[in-house]
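A short write-up of the structure that comes next.
Both backbone and side-chain heavy atoms feed into the values below; hydrogens, waters and symmetry mates do not.
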Amino acid sequence: MRTSAVIPVLVIDDAAIARPLAEALVAGGLRVLEVTMRTPAAIDAIVEMKKVEGAIVGAGTVVNTDQFEQVMGVGAEFIVSPGLSERLGDVIVRSGVPFLPGIATAGDIMRGLDMGLTEFKFFPAETSGGLKALKALAAPFNQCRFCPTGGVTEASARDWLAFGPVECVGGSWVTGGTMAEVEAKARSAAALRG
């Protein structure tokens, strides 16, 4: 979470674009890449992106232990999930791989704390009340750090990042266009932390 101000959330339909996309993002300064498990190409995309020097490639939208085993089998370096179930959480925590589970309520955070976790994805950020809601949630959990994802835009990212408990944001705005445009967007996003 502290490596990059913005973690690109990548939905990849064609694994052939994975490596050039990773090269553009890393060249622009975004090394932490979250490949979501939303498409059949996700596993191949992780494999291709891991070939890019400097890339830290993880799997997102991991929702069950079967997916977890799949992505670990291809060398995913971190795991992001949209929510937090005890079954999946226990397996990932025991593995020792960095894990960013999704939370939207105080109960979610308490369940994560019971598992020894203190870093969470606030998801879906905008529809869960936005920055105002995260500020209210973070107040009683001052030991926790967050990565808001879901509706975070280039325009709103700076506001999210200005809130102390927010270590980084997740977003897809950096992924569109030509590879030169992606690199330029990544460079701009990497500079958000200042």
Has R187 got a side-chain atom pairing as donor or acceptor with G29's backbone, closer than 3.5 angstrom? no

Interatomic distance, OG1@T65 vs CG@D90, rounded to 0.5 Å, equals 11.5 Å

Side chain of R38, backbone of V35: donor and acceptor closer than 3.5 Å? no

Please examine the side chains of F99 and V80, heavy atoms only from C-beta on, and report whether any two atoms are closer than 4.5 Å. no

Please identify which of these residues, I56, V26, V6, meets the side chain to side chain contact (heavy atoms under 4.5 Å, CB included) condition with V32. I56

What distance do R31 atom CZ and I7 atom CD1 have between them, rounded to the nearest 0.5 Å? 12.0 Å

Please walk me through it: do V63 and S81 pass side chain to side chain contact (heavy atoms under 4.5 Å, CB included)? CA-CA 6 Å; V63 297; S81 65; 5.9 Å; no

Donor-acceptor pair, K50 side chain versus G75 backbone, under 3.5 Å? yes

Please examine the side chains of S128 and F122, heavy atoms only from C-beta on, and report whether any two atoms are closer than 4.5 Å. yes

Please tell me if the side chains of V166 and R145 come closer than 4.5 Å, counting only heavy atoms from C-beta onward. no

Looking at side-chain heavy atoms only, is the closest gap between E86 and R111 below 4.5 Å? yes

Please give me the minimum heavy-atom distance between G112 and F120, naming the atom from each residue. CA-CE2, 3.8 Å

Apply side chain to side chain contact (heavy atoms under 4.5 Å, CB included) to the pair L88 and N64, showing each step before the final yes or no. CA-CA 6 Å; L88 179 61; N64 58 51; 5.7 Å; no

Closest approach of A15 to A45 (non-hydrogen atoms, all atoms of both residues): CB-N, 4.1 Å

Tell me, with the steps shown, if L100 and C147 meet side chain to side chain contact (heavy atoms under 4.5 Å, CB included). CA-CA 8 Å; L100 196 60; C147 176; 3.8 Å; yes

Cation-aromatic face contact K121/F146, 6.0 Å, 45 degrees: no

Measure the spacing between CG of L131 and CG of L161 and express it to the nearest 0.5 Å. 10.0 Å

Side chains of I43 and Q70 in contact at under 4.5 Å (non-hydrogen atoms): yes

Give me the atom names and distance for the closest heavy-atom approach of T36 to A42. O-CB, 3.3 Å

Locate the shortest heavy-atom distance separating G177 from V182; write the atom from each residue and the value. O-CG2, 4.1 Å

Apply side chain to side chain contact (heavy atoms under 4.5 Å, CB included) to residues L134 and W160 and explain how you reach the verdict. CA-CA 9 Å; L134 182 58; W160 285 103; 3.8 Å; yes

Give the minimum heavy-atom separation between K185 and W173, together with the two atoms involved. CD-O, 3.4 Å

Derivation and outcome, salt bridge (Lys or Arg N to Asp or Glu O under 4.0 Å), residues R2 and E119: CA-CA 11 Å; R2 285 170 291 283; E119 296 177 334; 3.1 Å; yes

Taking atom CD1 of I103 and atom CD1 of I109, what is their separation to the nearest 0.5 Å? 4.0 Å

Using side-chain heavy atoms (C-beta onward) and a distance below 4.5 Å, is M72 in contact with I79? yes

Rounded distance [0.5 Å steps], CG in L33 versus CG in L21: 7.5 Å

For the pair E181 (side chain) and T178 (backbone), establish whether a donor and an acceptor sit closer than 3.5 Å, ignoring hydrogens and angles. yes

With heavy-atom distances below 4.5 Å as the criterion, would you say the side chains of L84 and M115 are in contact? yes

Is the backbone of D44 close enough, under 3.5 Å, to the side chain of E48 for a donor and an acceptor to pair up by distance? no

Mind checking the CD-CG spacing from E183 to L30? Nearest 0.5 Å is all I need. 10.5 Å

Without swapping roles, check the side chain of E77 against the backbone of G58 for a donor-acceptor pair under 3.5 Å. no

Find out whether P101 and L117 are in side-chain contact, i.e. whether some heavy atom of one side chain is under 4.5 Å from a heavy atom of the other. yes

Can you list everything that forms a salt bridge (Lys or Arg N to Asp or Glu O under 4.0 Å) with E126? Sequence neighbours excluded, please. none

Any sub-3.5 Å donor-acceptor pair from T153's side-chain atoms to S156's backbone N or O? yes

Answer yes or no: is there a donor N or O on one side and an acceptor on the other, between the side chain of S95 and the main chain of I92, under 3.5 Å? yes

Short side-chain to backbone donor-acceptor contact, T105 and D108, under 3.5 Å: yes

Side-chain donor/acceptor of T175 to backbone N/O of L10, under 3.5 Å: no

Closest non-hydrogen contact found for A76 with V97 is O-CG2, 4.3 Å

